[in-house]
Structure formats: structure tokens, C-alpha cells
Amino acid sequence: MFLKTGLVDTASGSAYVEADDCIVQVSVYGPRPIRGSFIEKASFSVECKFLPYVTKVAAEHQNTNPNGKPGMNSIEQRISTYVETALLPCLLLENYPKSTIDIYVTVIANKSASLLELTNWIVNCSSLALVDSAIEIKDIVTGGVATIEDENDSKNSQCLASFMNLRNNEIVGFWIDGGQELNEKVLTKTLETCQERAQVVRRNFNGFLTT
Amino acid sequence: MLQLSFLPDVLARVAPDISLDRHIAEGLRPCLREFYEFKPLKTTLGALNTSDGIPVVGSSIVKSGSTTVFCGISVGTVERDTTNTSKYASIYPVVEVSRGRSGAPTDEEMILSESLYELVLHSRIIPRESLRVTPGVAVINDRGTGHQSVLIYYPDINPDEYEILDKQRMVNHEMVLTAHLKVLSRDGPLFDICHKALVEALLNVRLPRMYINDTVDIRVPVRSRGNFGHLNSQQQLNIDANAEILKPLELETANIGLSSSFGVVNQSVLLAQLEGDAEETAATSRMNIITTKDKLQGFSLSGNIDRNMIKKAIELSQLRAELAP
């Protein structure tokens, strides 16, 4: 894993993560003033874009011109929504009245990561970018992906959960992909695995941010 | 009388023009470069060739100062336009500058894309012939055993086999190159770095081979077949995923130039590669020179610039092109 923050000078904060062959870049813009009427809390938005030649994960959803500038397709929309949901609890939006905080995610390359793994890296990378932007947050959100294996079935489900490790491991995002039946025992075990992995990521981030 | 004084970074923000003037008077620029000093360029090739769906045939990442450009080139096919007699082709670039806003492309992005297209076309870098598709023919060979294998014969690799095949189909096609450039951290005019990224990616291009399907068995002499009715009517060109037989794109490398941009501030000071808002606002006259070490490939000018300054700029650009790796 390779991490770098502060790559983009024009943004308030940015982070760049390479994990295997998955490359994600996140820029945070804000708090920026808004035009128009007063709002008490900052508004928060996430926009995720794949570069047009990133086809893994996006392939089945992308039917636009490969080199055009399309709006967000459904998969980008889903990732954006997840990232937004996961990061919202960590932000102190009431500290930024009459402003917006916008996160722009660019997926630069991805060959082997599944949708959930990719989303996980995007969440992790966005957290780093938020730290770099010096926007006030309650905790750094990190996540982990666990695969639920079924002995009888070859179709494995994947589970992504994002946590705030220093706030009692509060779960801030949760996404299961796959058609597997779940019971309490499996789910507990899965969440534990996710949490362990999230903590590993968090430890790495702590090391990165303090050196 | 109270005199107002500011720290340099505060002054640069509240009165960029005064700050710039003072810097220039000191013989320095706000970015601490010399007047004629260009930013170093750092190139990485092929890093984006990672997807398996849409073929990225060439890519480059170019860094200059804090600006980064990611450029990926992909390929498609079109029927040859017989009315177009030009010997040279171009590439269709789309430039996207990340600026924390979404929506329609800005003027700058559209102008950049268009001028990159024009420049590649008119500097005669890509010969049309090198984009021509001579499709191979895929033959299903079951040798009567029910175990099928597909072999693709190409004119240059298997000339003997190719000779007896029906190859008069899909020969009027050529490839089109499209590029996507993503710019991060813009801090000045972008033409130089985008041009560099595009050219480097072009040099990195390895074109895939294309083939058509033949529906007949190889043992049937193709020329004696009278009936064409059983041929696959849905003819299409397929891309051969075999990475071992990729062909480099043949470019006229001697025609590849290097772009250098200049701006003139205060009517008298020539600056290489403007950087920062203050310089961009102050420089009302600008030049863009694309040159190889001995040939001028492109020149654009806006505003009025003194003849000696133009001369100086051209000299500098040529020197830069000569020294460039």
C-alpha cells in the first residue's frame, strides 16, 4: 500500500492511495462558501468518477463513449452514496454554517479489486483527504472487507463495514453484496473480521499521519 | 503617518499585482523560478494499462511542478473515409481539469482538446497508413474430431496460410485513437504539459491486432467455394487480446516537438511557463511555441509582443527541444 497526501494544491485536502493495482485519488474542497440563503450546517457531497478506461467493476454499468465525459453512472452513484453515508457521522457539519464540503473521488486504475474492496479503499482514502484538509472530524473512518464463504455454494458474498475505531468501534457504513443467506452467527463473525481489518488500516494510517 | 505593511504571502493574496511587480523588480518570480526557467517534466509510461475491457493501448503520467496529468489512449475502428485524402491522422483528446466542480466542460478544456487535436494532425506525427487495419482471419479447426481449436492467421505472421483464406472482407477499416487526459492541481496554462503527456502516451502505444471470423473449415479450399451464403453475415472486427503480438504505432518521431509557453508581463518581461494566479492575470500577451530542435511545428500568439521577445522565445524553445531527453 502506498499513501500520499497533499498532492493536489488546488484542493483543501487530498489523498492518493495505491493498494495493489487499485489506484484512488480523492480531493476535498471546502469548506467553501455557498451563494444564496443562510444554512445552519454545511452541506456535504461526494462525487465518484472512474477514469473512462477503468472498466473493472464499471464494465457492466458503463455503456457510454469510453472517452467522453459522462455524468455519474449507476455504479459511481452507489459508491458515492456509500461514501457519503459512511463519512457523514464523523463530520462536524454544524461548525461550518453557510458552506459546502465536497469530496471528489477519481478511480485512476483498478484491475482486481471487487466493488466492495474498491469502495473500501475510497472510504479510507477519503478519510485521509479529510484529515489533510484540516476539516474538523470526530474520528477517522476506516473499513474492512470480509468474504463470507459458503461450503455448498460457489457464490461468495462480500461484506464491507466502516468503523470509527476510537468511538467505540461505531459502525458508520455497512454493505453486503451477494445472495447468501445470513444468520446472526455468520454476521457477527463477518463484522468481527471487518473490524479487525479496519483496525489494521487504522494503525497504518496512524503510523502514516504521525511520521 | 501610519504605513501599512504586509507579510509577503498576505500581500500576494490581497494585492497580487503589486506583489508580482515587486518580485519582478527583484529579478525573481513568485514561484521562485528564474524568468526563463522551465519547470522540470517527469514522465511515467504505461502505468494505466490495467483494464481488460476497453483496451488502453498507451498511457502516460506526466508531472511538472505540482501539476499531474494522467493520459490514457484507447482505440476503436471506423470505416475508411475515402474522401479524406490526408496522409496523416490525428487523435481525439478529451481534457478534463479537476477543479472541484462538476458539469459541462469549461472553455479551457474544450480549447485545449481542440488545439491538441489540431496540433497532432498538422505536425504530421501519425501516418494514416499505420492505423490501417489488415484483419487476420480466425479459423475454427476441428479436424473432424469434435475437438475444436481456433487459430488466427495474420498476413505478416502466417503469410502462407493467410494466402489461401478469404481475406477480402473488412479491409477498408482503420483505427481511431481517442485519449482522455485528467489534470490534477492546475497552477498555470496547461498546453505544455498536456501536449507532453499526449505525445508520451502516443509513443507508448502498442496497437492490438484485429481479426475477422471465418466460418469455414481450413481444409476446404476457400477459392473454390461458390456459395457465400453460409458465411457469417454479422461481420465484425474483433480485437485479439494476445499481448505478445502487439505492434507499436509507427510514428514520425522526427516531427514530434516540444511545447513551450511564454507570457509577457508589464509589457517588457518575458516569463517562461506562467505559474500562479498573479502571473496569469498579469500576462495579457502570451505565446505558445511547439518546436523540434530545428523545425518550428506550431506557433500561437495572443496580445502584442515585441519582435525581439518572440525571437528570444523561439531560441529558448528550440534550445529546450534540443536538450530534451
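We name chains A, B, ... by the order of the sequence lines, and we start the count at 1 in each one.
Within the 4.5 angstrom heavy-atom criterion, atoms from both the backbone and the side chain of B:S98 approach chain A. Neither the backbone nor the side chain of A:S14 comes within less than 4.5 Å of any heavy atom in chain B.
Counting non-hydrogen atoms of neighbouring residues, nucleotides and ligands closer than 6.0 angstrom, the CD atom of B:E250 reaches no more than 12 such neighbours. Residue A:K138 places its NZ atom among more than 12 non-hydrogen atoms of other residues, nucleotides or ligands, all under 6.0 Å distant. Other residues, nucleotides and ligands contribute more than 12 heavy atoms inside 6.0 Å of the CD atom of B:E37.
For the atom pair CD1 (A:I108) and CG (B:L184), the distance works out to 6.5 Å, reported to the nearest 0.5 Å. To the nearest 0.5 Å, atom CG of residue B:L181 and atom CG of residue A:L51 are 10.5 Å apart.
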Next item on the list: For A:T10 and B:R99, run side chain to side chain contact (heavy atoms under 4.5 Å, CB included): C-alpha distance rounded to whole Å, both residues' side-chain angles, the deciding distance at 0.1 Å, then the answer.
Entry: CA-CA 7 Å; A:T10 45; B:R99 68 221 138 91; over 6 Å; no
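When each of B:E96, B:K182, B:H180 is paired with A:P52, the side chain to side chain contact (heavy atoms under 4.5 Å, CB included) condition holds for B:H180 and for no other.
In this structure, A:Y104 and B:G100 approach most closely via the heavy-atom pair OH-O, 3.3 Å.
The shortest side-chain heavy-atom distance between B:R101 and A:R32 falls under the 4.5 Å cut-off.
Remark: the backbone N or O of A:D9 is not paired with any side-chain donor or acceptor of B:S66 at under 3.5 angstrom.
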